[in-house]
2 protein chains.
Amino acid sequence: MSKKQLIMESALELFAKQGFEATSVQQITEHSGISKGAFYLSFKSKDELIMALIDHFMEQFVSDIDHIVKDSNNRGEELLRKFFYTTFHSFQKHSDFAKIFIKEQAHTFNEELISKGRHFDQLIDDITLSMLDQLYGETVQHTKYDLIYCIKGFMHVYSHLFLFFNVPLDLDLLCRSLAEKTELLAKHSTIPFITDELYEMFRKTGHEEMTHGQLIEVMEQKIEELEDSIEKESLILLKQDVQERSLNPAIVKGLITNIRNNPHCRWIAYLLLHFYEI
Amino acid sequence: MSKKQLIMESALELFAKQGFEATSVQQITEHSGISKGAFYLSFKSKDELIMALIDHFMEQFVSDIDHIVKDSNNRGEELLRKFFYTTFHSFQKHSDFAKIFIKEQAHTFNEELISKGRHFDQLIDDITLSMLDQLYGETVQHTKYDLIYCIKGFMHVYSHLFLFFNVPLDLDLLCRSLAEKTELLAKHSTIPFITDELYEMFRKTGHEEMTHGQLIEVMEQKIEELEDSIEKESLILLKQDVQERSLNPAIVKGLITNIRNNPHCRWIAYLLLHFYEI
DNA sequence: TATAATAATGACTGGTTGGTCATTTGTCAA
DNA sequence: TTGACAAATGACCAACCAGTCATTATTATA
C-alpha cells in the first residue's frame, strides 16, 4: 500500500469519528505510524488530503450509479430500485466517507471544497435526470426538477438512518418503498415548483468540463499505476484512440467494458463514456 | 437591548458567515464592541452561547408549528400548506440561524449539542405525527413514520434553496407543490419501511420530560423579564394555577392565549399547553 | 461628597494548531 | 566500503485559541 493510501485510510477513520477540523495532522501521523514530515511529502496540506478523499469516493460513486442508469438491462421500476440500492449500498459500504461528506459538505467554508461538492452534486443530478427521462419521458417534463429534489430528499433523510444508527436494515424493502414513492410522485404530481430557469440559476456556477488534454493526463497517470493486465493494455489502446480516433466504436465500447472490471478504473470508464458520448 | 442579546445577534451573524468553530470569541467581542471579559460575564463559555442561540430559535419554531397544527381552523390540505408555509417562512426570516443549525447539527461532536438537536427533532416529529393523524387518521397508520421522513426530506432539500441561493421564491407555490406531494404519498403509498419498532429504536435516546419544578422555574424567570402588561399578569396567574390547579380550564385556555401574544412567551405557551394536555 | 458595589477591561496563560527544515536514516550502484 | 541520492524524522515556529483575573471605570446609595 502506498503511503498516500495509508494516510487516506487513517484519516478517513479519524475524520469520520471526530470531524475534519477536530482532527489534527499530528493525530493522523500517529495513527498511520509515520512522521509529520512524511505526511507533507504525500500531501501539500491538510486540505489537499480531504480533497483527495472526496475525489476518490465520489468518483467511484458517480461512476457506479451512472453505470446502473446506462445499463439497458435495467428498465422501469427495477431501474429505480437498483438506483436507490446502489446509492444506499455505497453509503453503507463506505459509511465513514459518507459521514464525512455529509458533515463537511454542509459545514465547510473552503471555497474549493464547496465547488467540489457542488460539482459532484451536479453530476448526480445529471444522472438522475437521465434516469427520469428514460423512465417517464415526456410525462415528467414539467415536474422533473422537483422530482430530482424529492429523490435527493429521500436519499438524504434515509441515509441518516444508515449512518447514524447502527441497526441492520432491510435495504431491499427500503428501495421498494422509495421506488413506489418516486413512481407516485412522477405519475401524479402536477404542481411544479422548480422551473427550467430556476434550475439553471441554481447550477449556474461553472461546471467546468474536463478538457481533452486533462483526460489523457488522467489516463497516463492510471496506466503508470496499473500492473500489466488486460485492463492496462485496454487503457493504452484507448489512450491512443482518444488521441487519434481510429478504432471501431464497437472495439472502443469493448475496451471500456474491459477497464471497468478494475474498480480503480471505473471513474476513467465514466469519463471515457462521456468523451465518446456513449 | 441586554448585553446577552447583543452578543447573540453578533454571534449569529458571524457563525452564519464563518461557522461556529471558525469564529473566535475575540471576533465576537470585537463585532459587539465589548471586551472579552464582558463576554464571559454573560456566557460561561462559547458552547453555552451556541446552546442559547439554538434554544432561542428552536423554541420559537416549535411553538409556531405546534400552534398551526393545533389551531382547529386549519383543516385538510390547507393545514398541510400552512405547515409548510410556517416552516419555510421561519427559515427565511431567520436564515442566519437556519444556516447555523443545519451546519452545526450535522457537524458537531459536542454531546450536549447533539442531544439538544435530537430533542427538538423529536418535538417536530411529534407535531408532524399529530398533523398526519388529524389529516388522514387510520389511513396512514402503516406509513406514517415514512411520511414523517419524507416530509423532513422535502423540508431539508427545499430549504437549501432558500438558504444558499439568494433568489426571491414563490413560497405559496412551493407549499402548494409540497402539499400535493405529501397528499399523494399519504393516500397512495403502500410499502412502509419504518416500522413502530424501528421508529422507537431511532428515538430511544432519552427524551427527558420537563418536570413540574422546571416549568415553574422557567415561568418565574420570564415573569422577571417582562414589563408590566396583560401578558405578565396572565403569566403570574398561570404560575399560581400550575402550583394549585384551582382555575377553570376555560380561564386557563384564555390566559395561555393572552401570553401567546408576546413572541417571547410562545415557548412557555407551548409548554403550558403540554402541561395541561390541551 | 464619600463609600460600597457592580460592570467592564485587556494583558496574560497554557495549550494546540498547520506547516517547515536542518538533520538523520535507508538504499542503492560502483 | 564508499559515496550519492532519496526518504523520513521530529524539534521548532509563528499564529491562534478559549478562558482568567488583577485592575480600572461606572453607577448607586447614604
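Residue numbers start from 1 in every chain, and the chains themselves are labelled A, B, ... in the order their sequence lines are given, proteins ahead of strands.
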Donor + acceptor pair across side chains of B/Y199, B/D125 (<3.5 Å) |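 Side-chain D/A pair, B/Y199 to B/D125: present.
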
Atom CZ in A/R266, atom CG in A/L273: separation rounded to 0.5 Å?
->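 It comes to 13.0 Å.
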
Atom-pair distance ([atom1] on [X]; [atom2] on [N]), nearest Å:
| X | N | atom1 | atom2 | value |
| --- | --- | --- | --- | --- |
| A/K4 | D/dA8 | NZ | P | 14 Å |
| A/F39 | D/dA7 | CZ | P | 18 Å |
| A/K44 | C/dG18 | NZ | P | 18 Å |
| A/Y40 | D/dA6 | OH | P | 24 Å |
| A/L49 | C/dG18 | CG | P | 11 Å |
| A/E21 | D/dC17 | CD | C1' | 13 Å |
| B/I28 | C/dG10 | CD1 | P | 17 Å |
| B/Q26 | C/dT13 | CD | P | 16 Å |

For C/dG18, does OP1 or OP2 lie under 4.0 Å from any side-chain N or O of A/K46?
-> yes

Backbone N/O of A/T23 and side chain of A/K46: donor-acceptor pair under 3.5 Å = yes

Donor-acceptor pair, side chain of B/Q60 and main chain of B/F57, under 3.5 angstrom =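 Checked: no pair found.
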
If you check the A/K36 side chain, which of C/dT20, C/dT17, D/dG19 turns out closest?
-> C/dT20

Quiz item: cation-pi between A/K152 and A/Y149, 6.0 Å / 45° =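 Because its charged atom sits under 6.0 Å from the ring centre and within 45° of the axis, A/K152 does stack over A/Y149.
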
Taking the inter-plane angle between the rings of B/W267 and B/Y270 on a 0 to 90° scale, is it parallel (under 30°), tilted (30 to 60°) or perpendicular (over 60°)?
->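 Geometry flag for B/Y270 against B/W267: parallel rings.
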
Give a yes or no on whether A/E244 atom CD has more than 12 heavy-atom contacts from other residues, nucleotides or ligands under 6.0 Å away.
-> yes

Detail all sub-3.5 Å separations between protein N/O atoms and N/O atoms belonging to nucleotides 4-8 of chain C.
{"residue": "C/dA8", "atom": "OP1", "partner": "B/K3", "partner atom": "NZ", "Å": "3.0"}

If you look at every strand shown and take non-hydrogen atoms under 4.0 Å, does B/T23 touch a base, only sugar-phosphate, or nothing?
->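 Touches sugar-phosphate only.
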
